[in-house]
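Some notes on the structure that comes next.
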Number of protein chains: 2
Amino acid sequence: MPVGLSDNDLERVDELIGARRRVARGMPLYLTGESFQSLYAIRTGFFKTEVISEDGREQVTGFQMAGELMGLDGIGTGQHNCDARALEDSEVCVIPFNRLSELSREIDTLQHHFHKVMSREIVRDQAVMMLLGTMRAEERLAAFLVNMSQRFASRGYSATEFNLRMTREEIGSYLGLKLETVSRGLSRLQEEGLLTVQNKNIRIHKLDELKRAMSPRC
Amino acid sequence: MPVGLSDNDLERVDELIGARRRVARGMPLYLTGESFQSLYAIRTGFFKTEVISEDGREQVTGFQMAGELMGLDGIGTGQHNCDARALEDSEVCVIPFNRLSELSREIDTLQHHFHKVMSREIVRDQAVMMLLGTMRAEERLAAFLVNMSQRFASRGYSATEFNLRMTREEIGSYLGLKLETVSRGLSRLQEEGLLTVQNKNIRIHKLDELKRAMSPRC
DNA sequence: CCTGCGCATTGATCACCGTCAATAATGAGC
DNA sequence: GCTCATTATTGACGGTGATCAATGCGCAGG
């Protein structure tokens, strides 16, 4: 993942990557309470992370796609603090955290890169707080779709046509809404002509207007 | 902050701490967009961090008290991604991030400690997402007060009697509620006999019931 | 092909919380 | 001590989204 390494260092980082691991759709990569040993970089596939509170509430805290890193929440306590579950058949690289720590002590670039990744995760979480704290249902939905669009685009896929891997309920959990509200919101955006929804398939017709729909009433 | 260092290493970590800096009530420690150079450890006082979105929305993302670290959000982009503002006259230790990086390459304990702090910040943020995504107004308030109580207690102050430093509006922003709802919620908890509110002064009478009030309807 | 199950859509109703508004209390500054 | 601005409380009302419920769709498996 990091760039700008010497050939020699690059080799060593390559060795850092332990095994690969396949995770079938619906199966957990790790569960809350399991001992934390490794980080996971997604090679292919799609995941959700989900926190479960003492009183049984569930909150999806994120959806992860290829290239993204999972497991950072486990470093602090030595135990995973959320569930990570595959939304489609997926493959991850296992990155033993001990080895990453050692190596990042020797390779500046790797250390910096790792710190940046953690920091960006914090910034991302803050953006979700903003979404949950201040946006109305349709704004949240627009923000979610724009975010998906950008992430697909940055991976070379279409920014305007993609298949969601998660259910309405999972979207709702992530956005702090009920699944009915998600469904209604999508129908509404469709009526307004911003996009077409057909089950999990989304076709965005007016990306700019969708971005504007993230802001309060016109 | 880290413990378990040799005397020698302890000296070096001490040197890591740059200047101290005083921040008067209401003044910013840093603002969004400023270049990121240092982390800040609070010696005394009380801060809030706040994200401001492009369309002008504000979201308080946290309240920080003595011993806590601020500025982690800046590492990823090299710029601060939120405002940090003192809620009372405060003093912080400036920790130049370059020096921290260097030193943590040499001192394992420091490296581990730093990684844990970042990870815990991520877990904390996820707990806030859970709060914003799944809890009703009064549950959020109870959770907020219990959290404050615990943090005061862990610093040697009373767990049942303390002064909030922030306004109802700031509490509301943090909890995704309007200030009126915060006020009503506090009044309600008071009517129920769980606590006494007098402006910013909180006296908790039934901490266990307050904890129960974090969960859905009795 | 049909069956059954999970997922999605849509409608009707209701409750929670936001909004608007008026008043009160607090604290800083002169 | 008085004034003013800020902060907090409380009430009335309305809207957004939750809840309850019924129907429809799509897909895996027999």
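Residue numbering restarts at 1 for every chain, and letters A, B, ... go by the order of the sequence lines.
Within the 4.0 Å cut-off from OP1 or OP2 of D:dT10, at least one side-chain nitrogen or oxygen of B:S187 is found. Here B:R168 does not reach the OP1 or OP2 of D:dT7: none of its side-chain N or O atoms lies under 4.0 Å away.
Taking atom CZ of residue A:R165 and atom P of nucleotide C:dC7, one finds them 17 Å apart after rounding to whole Å. A straight line from CD of A:E139 to C1' of D:dG17 spans 13 Å, rounded to a whole angstrom. A:L186 has its CG atom 10 Å from the P atom of C:dT10, to the nearest Å. Taking atom CD on A:E170 and atom P on C:dA8, their separation rounds to 9 Å, with Å as the unit. As rounded to whole Å, 12 Å separates atom C1' of C:dT9 from atom CD of A:E191. Regarding A:N201, its CG atom lies at a distance of 12 Å from the P atom of D:dC27, rounded to whole Å. Residue B:L87 contributes atom CG, which lies 17 Å from atom P of D:dT6 at whole-angstrom precision. With rounding to whole Å, B:L179 atom CG is found 10 Å from D:dT9 atom P.
With salt bridges taken as basic N to acidic carboxylate O contacts below 4.0 Å, none links A:E68 and A:R120.
Nucleic acid contact class of A:S183 (heavy atoms, under 4.0 Å, all strands): base.
Toward the 5' end of DNA chain D, the nearer of the two residues A:V182 and B:E169, judged by each one's closest nucleotide, is B:E169.
No donor-acceptor pair under 3.5 Å is formed between the side chain of A:R165 and the backbone N or O of A:G45.
When ring centroids are compared, B:F36 and B:F97 come within the 6.0 Å threshold. Annotation: A:F162 is not in aromatic contact with A:Y157 [ring centroid separation under 6.0 Å not met].
In this structure, the side chains of B:L141 and B:R188 stay at 4.5 Å or more apart for every pair of heavy atoms.
Residues B:L132 and B:R140 approach most closely at O-NH2, 3.3 Å, considering heavy atoms.
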Check your understanding: How would nucleotides 14-30 of chain C be written as a contact map, 5' to 3', with B for base contact, S for sugar-phosphate-only contact and - for no contact, using protein heavy atoms under 4.0 Å?
Key -> --SSSBB-----S----

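By the side-chain hydrogen bond (donor to acceptor under 3.5 Å, both in side chains) test, B:T44 pairs with no residue at all, sequence neighbours left out.
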